[in-house]
2 protein chains.
Amino acid sequence: MRPLRREQDAAASQRVLDALRRDIILGALTPGTRVTEAALAAKYGVSRVPVREALRALEAEGFVESRPYAGSTIAEIPLDDAADLFAVRGVIESTIARRAAGRAAEQFAADAPNDRWFSARRALTDILDDGDRAVASDALRELPELNIRFHLGVAELSGSTSLTALLRQISGKIEWLYAVDVDNRGKQSWGEHRSIIAAIDAGNGTDAERLMAGHVDSSRRGYLERFAGSGTTPPPGSARRSAGRDAGERG
Amino acid sequence: MRPLRREQDAAASQRVLDALRRDIILGALTPGTRVTEAALAAKYGVSRVPVREALRALEAEGFVESRPYAGSTIAEIPLDDAADLFAVRGVIESTIARRAAGRAAEQFAADAPNDRWFSARRALTDILDDGDRAVASDALRELPELNIRFHLGVAELSGSTSLTALLRQISGKIEWLYAVDVDNRGKQSWGEHRSIIAAIDAGNGTDAERLMAGHVDSSRRGYLERFAGSGTTPPPGSARRSAGRDAGERG
DNA sequence: TCTGGTGAGATTGAATACAATCGCAGAATA
DNA sequence: TATTCTGCGATTGTATTCAATCTCACCAGA
């Protein structure tokens, strides 16, 4: 028996976390922005305690930087990191795809598919449909979020919590890099998702891994193509990198 | 690396976080253990609020799992994840090594080396010396922590906060896998660190990357060799918390 | 004996209250 | 005028308190 499912209300702190992360990744909160606990608490209609918990989690994920008694600011992604992030993401995602395919094969072999797996798989179907609709109607603005949900959905399917946690960080950062440039991508990239899922459903780990690697790589190339020309690519982060003294002379 | 300033007292919440993560990684808290906020608060002499913040951060890092109103438990690492974690770690660490080498070259080229970089580099020297002493005196018990500090130190040197955050997760989990088996590794593995640093200091990104990749790979092979025989590898998670007491007895 | 409901105690979620610290404007001084 | 000092407001860190929810032993009924 599924004992609960009241997450609707049961997660004030979680709600703030998700909303904040979403705002950061999608660009509503730009890097360098200072956020005060009180303001966030007012915005989300909660006290400062759940806000602080959310900020600590985001700090661990690398989306926020905090200094004692000096507050929290949205982190910046140094430009140099971009290419490296794509490289790491490629490994994580293709590994996830392979694992997902293996797990799918298990599920179909078993008599009764795992409940959790099944709902994750169904959620992916919805995400794919929503994305296709968005592409068809040129609502490209919805794609970044759907994209994140797709990739996290595959991670869910893989059953590896360790890899999922890693992906959540890195995938978020990658999307973040794109946040300033939503319209540029999407259409062609989104189409590749169906074939990845097909390989996973077929239990074909080799294909799934290869397709996902290619998918990430084309994403990487798209990014570099877009920004490579200008020596000083301006993704959300590069606005202002403090040159030297950043850490601590006050007093 | 603390922001240095008055870290001694200014970081009650941070202190709890570091201590808890250390206890988890080094095996003092075994996977599956339920931790209550009140107990942790008492243990560290603080109230529940900083404990909660630390738990949220650890949850984001994947070391702890929580359910609303049901408390937190130390996460388990499914056995299947082990090999994948090594693969991802290999990419992250070799990328970090390459970046660190590039950054070292920059530092030596510049007139005045960056302060932060310099202290990170110096810290690494201390870590290497401490590790060598530990190896010489057979104090292998100290190696796991020194090992973590070494790899995070290199990450610090690379200057990539994104990669550092990722490494903190995955490296911690890898060490965690080893927590039950400290004596097996260490000596030979530790020796490789000096050559990695040498390549970084020389600004040789290619060598640094290659050496680090080899280092991680030998670590992976060591792990698999150790556990591959028994179909049911017993990393911390499967050791079961009742039978043989726990992690104190490798000496 | 087994199944399923029930209530008390334990534990977490969140709000409020208060202490500690920082940043900054403006005064005092050379 | 430039510089240092000082006090106040703003903001964060933590403790305390109360409400909401879960866990688990216990018990009624089949």
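Naming convention: chains lettered A, B, ... in sequence-line order (proteins, then strands); numbering from 1 in each chain. Just so you know, these numbers use all the heavy atoms, side chains as well, and skip hydrogens, waters and symmetry mates.
- Note on A/Arg52: every side-chain N or O is 4.0 Å or more away from OP1 and OP2 of D/dT12.
- B/Thr164 and B/Arg168 share no donor-acceptor pair across their side chains, judged by distance under 3.5 Å alone.
- The OH-C1' distance, from B/Tyr44 to D/dT14, rounds to 18 Å in whole Å.
- Using a 4.0 Å cut-off, some side-chain N or O of B/Ser47 falls inside it from OP1 or OP2 of D/dA15.
- Rounded to whole angstrom, the span from the CD atom of A/Gln14 across to the P atom of C/dT12 amounts to 17 Å.
- Ring geometry, A/His151 versus A/His193: the interplanar angle exceeds 60°, so the pair is classed perpendicular (tilted spans 30 to 60°).
- Rounded to an integer number of Å, the gap from CZ of B/Arg48 to P of C/dG13 is 8 Å.
- Counting all heavy atoms, side chain and backbone alike, A/Ala82 lies closest to A/Tyr223 at CB-CE2, 3.8 Å.
- Protein atom CG of B/Leu55 is 13 Å distant from nucleotide atom C1' of C/dT11, rounded to whole Å.
- Protein atom CG of B/Leu40 is 13 Å distant from nucleotide atom C1' of C/dT12, rounded to whole Å.
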Can you name the atoms? Protein N/O to nucleotides 5-11 of chain D N/O, anything below 3.5 Å, with the distance.
residue, atom, partner, partner atom, Å
D/dT11, O3', A/Arg34, NH2, 3.4

Where do A/Glu53 and A/Arg56 land on the salt bridge (charged side-chain N to carboxylate O under 4.0 Å, His left out) test, with the steps shown first?
CA-CA 5 Å; A/Glu53 292 178 10; A/Arg56 290 293 96 75; over 6 Å; no

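- Between B/Arg67 and D/dT23, a side-chain N or O to OP1/OP2 separation shorter than 4.0 Å is present.
- Atom CZ in B/Arg15 sits about 14 Å away from atom P in D/dG13, given to the nearest Å.
- To the nearest 0.5 Å, atoms CG (B/Leu143) and CD1 (B/Ile148) are separated by 11.0 Å.
- Residue A/Ala60 comes nearest to B/Ala57 through the heavy atom pair CB-O, 3.7 Å, listed as atom of the first residue, atom of the second, then distance.
- Between the CD atom of A/Glu65 and the P atom of D/dT12 there is a distance of 16 Å, given to the nearest Å.
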